[in-house]
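Contents: one structure, followed by commentary.
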Number of protein chains: 2
Amino acid sequence: MKCKRCGKKAIANLRAYGIALCEECYPEFYIRLVKRSIKRHGILKESERILAAVSGGKDSSAMAAVLKELGYDIELLYIDLGIGEYSKESERVVKDLSKNLDVKLNIVRLKDYGFTVDEVARGMRRKTCSACGTAKRYIMNRFGRESGFEVVATGHTAEDIVSFYIKNVAGGAKVWAEKLMPRNEPFDEKIVARAKPLFEMSEKENMLYVLVENIPYTLMECPHAPKPEWKEIVYEIERRKPGFVKNFLRGLVRPAEEFDETRYCKICGEVASGEICAFCKLRMRFEGLR
Amino acid sequence: MKCKRCGKKAIANLRAYGIALCEECYPEFYIRLVKRSIKRHGILKESERILAAVSGGKDSSAMAAVLKELGYDIELLYIDLGIGEYSKESERVVKDLSKNLDVKLNIVRLKDYGFTVDEVARGMRRKTCSACGTAKRYIMNRFGRESGFEVVATGHTAEDIVSFYIKNVAGGAKVWAEKLMPRNEPFDEKIVARAKPLFEMSEKENMLYVLVENIPYTLMECPHAPKPEWKEIVYEIERRKPGFVKNFLRGLVRPAEEFDETRYCKICGEVASGEICAFCKLRMRFEGLR
């Protein structure tokens, strides 16, 4: 397959966009997509100080790299959760990332607050991921505010948001609408704004970007993370319906339309959305044909 | 496998409820589920005149039969859409159903309004299903109102609603929230209330009920209906996560919770949902362990 832009050998076939690209044209395409998404959804402001939360994984590394590339004022935050070899490897990677991007890295260690995620896992097994989420959100917000950042950016992807939504609706958990939104303004002065600059990007697109641009990342996975069953369901729907993830996501964040006043069909008098109801339009069509 | 109630040979293993039942205990179980759902969601009122829209398919036949069984005041409405052999077979079945249940059958023929769905299919191929939907909604509402019914009941199932929702969010179509709701009150005097008494029931449960109770139905499918790709996706998720359809549905219709006033953690001063924030609760837990 050839690159649609320059004709060189393509490295990526992006089914959701119906386009194949080579390794030189891909990053440009990717950066433009992120830029457009940030602008369209008002995800970041040009002048604000951004704290980019990074984990060493492909998505947050891609986020940090593309924000730097787009000229935003960013620093990195790495939270050392104390998860054995995984945390050590992640820290090595984010230090590499910091050098590679020439961006300051801030490190906060959960240990300094009195515990680690490994200890949580030993003590209360089932709720490890929930406790880890609590710790990360707490530290991101508190460190961000105390260090004078106006927004904390995370590397959530389109798949994260869609699988989170479906899982939570099905799981009986209250769906926090703000977890689906690309940007949340603070509802209190102690809260820092939160942004998801890659919320419309897929994991595959992020992976391609870090690979092609040689951006440091690790494939190592958290040993406490459960099997991503809901993500796999989302991948399966995407396989059957290419474009599903992005389309569903856009549907979720679309603002609700307002309801028009009631109108009545000029022909039959039934309730209609315009001058003539949909049924009478059909009838007229067939009367015309006869 | 044996019936959990009486020990006889089971005919149904209901994974969503973790129960196997025999052909004598199943109908009782099914009827109780529908009754509970109607009550919990206020789907029907005991005294109202109900027009049950039937197509000859298993779901609407099950609905008519269970409403009659539960003692509601119902009549049937069959709309002859003029879809060749399919409409003829459906009409035979609903006439059987009417006798079987001893309930009056009303028939409205689309032909009397000047066209048939087969003619729509010949003339405007791609929009056949949408035109057919328009015609059915129009006739159900107008006939219902003019004949003095207070509510029109349809045989929509849990799978119908979940697949409709996912398809529409992904398809960029505005999701009409009222299409997801088990009952919609009229917003205008020309509109009759609409109810979905089986909205929490699955197709499999309806099928078992009509089979075991010998309720007339046809397996014939509309020749214009497209491949039910979104339904198949919903079946696939259900296979992977038994109970998904019902759980997701309940999540969709759950009313949104209200947001509490902002509170601050007594220990660290950060925003909290209670007296102490979730992070400090974690810390306290580990301080206690040391």
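Just so it is clear, the structure is predicted and the values come from calculations on it, not from any experiment. The figures that follow rest on heavy atoms only: side chains count, while hydrogens, waters and symmetry mates do not. Here is how names work: the chains are called A, B, and so on, in the same order as the sequence lines, proteins then strands, and each is numbered from 1.
Residue A:F279 holds its CZ atom at 12.0 Å from CG of B:N141, rounded to the nearest 0.5 Å. Separating the CD1 atom in A:I237 from the CD1 atom in B:I233 is a distance of 5.5 Å, to the nearest 0.5 Å.
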TODO: Carefully, step by step, assess B:Y138 and A:L282 under the rule side chain to side chain contact (heavy atoms under 4.5 Å, CB included).
DONE: CA-CA 11 Å; B:Y138 184 92; A:L282 273 171; over 6 Å; no

TODO: Could you please spell out the steps behind the side chain to side chain contact (heavy atoms under 4.5 Å, CB included) verdict for B:V169 and A:F244?
DONE: CA-CA 10 Å; B:V169 174; A:F244 165 76; over 6 Å; no

TODO: Given salt bridge (charged side-chain N to carboxylate O under 4.0 Å, His left out), test B:R145 with A:E270 step by step and report yes or no.
DONE: CA-CA 11 Å; B:R145 186 189 71 236; A:E270 296 290 310; 2.7 Å; yes

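In terms of heavy-atom pairs under 4.5 angstrom with chain B, the leader among A:N247, A:I139, A:L252 is A:N247. Contact count against chain A (heavy-atom pairs under 4.5 Å) is highest for B:K241 among B:R137, B:K241, B:K281, B:R250.
The neighbour count for A:E221 CD, taken as heavy atoms of other residues, nucleotides or ligands under 6.0 Å away, does not exceed 12. The environment of B:E275 atom CD is sparse: at most 12 non-hydrogen atoms of other residues, nucleotides or ligands sit within 6.0 angstrom. Other residues, nucleotides and ligands contribute over 12 non-hydrogen atoms within 6.0 Å of the CD atom of A:E185. Atom CD of B:E146 is surrounded by more than 12 heavy atoms from other residues, nucleotides or ligands within 6.0 Å. Within a 6.0 Å sphere centred on NZ of A:K246, heavy atoms belonging to other residues, nucleotides or ligands number more than 12.
In this structure, chain B has heavy atoms under 4.5 Å from both the backbone and the side chain of A:I166. Of the two parts of A:I191, only the side chain, counted from C-beta on, holds a non-hydrogen atom closer than 4.5 Å to a non-hydrogen atom of chain B. In this structure, chain B has a heavy atom under 4.5 Å from the side chain of A:E236, while its backbone stays farther away.
Not less than 6.0 angstrom separates the ring centroid of A:F286 from the ring centroid of B:Y113.
The heavy-atom pair separating B:T134 from A:A278 by the smallest distance is CG2-CB, 3.5 Å. Here the shortest heavy-atom pairing between B:R142 and A:C268 reads NH1-CB, 4.0 Å.
Between A:E229 and B:R240 there is no salt bridge, since none of the side-chain N atoms of the basic residue sits less than 4.0 Å from a carboxylate O of the acidic one.
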